[in-house]
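Everything quoted here is computed from the prediction, not taken from an experiment.
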Amino acid sequence: MIQARDITKTYVLGESVIRALDGVTIEINAGEMVAIMGASGSGKSTLMNVLGCLDRPDGGEYFLNGENVSKLSDNQLADIRNRRIGFVFQTFNLLPRTSALENVALPLLYAGRDDYKEQAVHALSVVGLADRMKHDPSQLSGGQRQRVAIARAIVTEPAIVLADEPTGNLDSKTGEEILALFENLNRAGRTVLIVTHDASVARHCRREIHMRDGRVVQ
């Protein structure tokens, strides 16, 4: 499903040149659950941004289901993000003063879907929050907010779910519940990539990709 070949990404900070990705080559098959591991500054989040079509590599090629997405326009990349990839972030990224249902429905509204409400209700049911759909984020616990974020990520039925430190703001018990939810999504057929520095999180995945200084080292 994912083929990244010799991916490079460089940032200029003042007089310094940072090689965030330095010739990364990986393959991930459909239906895998993979942890991308590394310390802060290792390049793991930059790699996720490239794989999620949030950012373009400076060099190399990225194939998604055989399509070279490195060559696509910004509008085409936005369409891929909306239809084929779901994102979950450490800080939840929910709209305040907006109900859980409305937060989850947003990707479908952007896509012009008429069935946004029923699909959002279904996604919230999948993550166990059918009884909280009218609550806004301030009325939800951290774990519940992350469940809303996961529901938003899967409401378009994407083939791939990318999660960047999804348990970083949660206590250990709640984190385990969220990871179990990702495992359920994976068993249902979705490809799941989790960016983490935590070995206990990575143990929930079937494979680990370790990064250091912008390179895959294991």
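Ion pairing between a basic and an acidic side chain is recognised when a charged N comes within 4.0 Å of a carboxylate O; Glu32 and Arg206 show no such pairing. In summary, Asp198 and Arg203 do not engage in a salt bridge, as defined by a charged side-chain N under 4.0 Å from a carboxylate O.
For His135, the NE2 atom sits in a packed shell: over 12 heavy atoms of surrounding residues, nucleotides or ligands are nearer than 6.0 Å. Surrounding CG of Asp131 are more than 12 heavy atoms belonging to other residues, nucleotides or ligands, all under 6.0 Å away. The environment of Tyr110 atom OH is sparse: at most 12 non-hydrogen atoms of other residues, nucleotides or ligands sit within 6.0 angstrom. The number of heavy-atom neighbours closer than 6.0 Å to CZ of Arg84, taken from other residues, nucleotides and ligands shown, is above 12.
With contacts defined as side-chain heavy-atom distances shorter than 4.5 Å, the pair Ile154/Arg190 qualifies. Residues Leu64 and Ile160 are in side-chain contact: their nearest non-hydrogen atoms beyond the backbone lie under 4.5 Å apart. Proximity of Arg152 to Asn93: side-chain heavy atoms (C-beta onward) are separated by under 4.5 Å at one or more points.
Note that CZ of Phe182 and CD of Glu177 are 13.5 Å apart. Values are rounded to the nearest 0.5 Å. In this structure, Leu47 CG and Ile7 CD1 are separated by 8.5 Å, a value rounded to the nearest 0.5 Å. From Thr91, atom OG1 reaches atom CG of Asp164 across 9.0 Å, with rounding to the nearest 0.5 Å.
A donor-acceptor pair shorter than 3.5 Å cannot be found between the side chains of Asn49 and Thr46.
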Stepwise side chain to side chain contact (heavy atoms under 4.5 Å, CB included) test for Arg215 and Val24
CA-CA 6 Å; Arg215 294 176 176 268; Val24 171; 5.7 Å; no
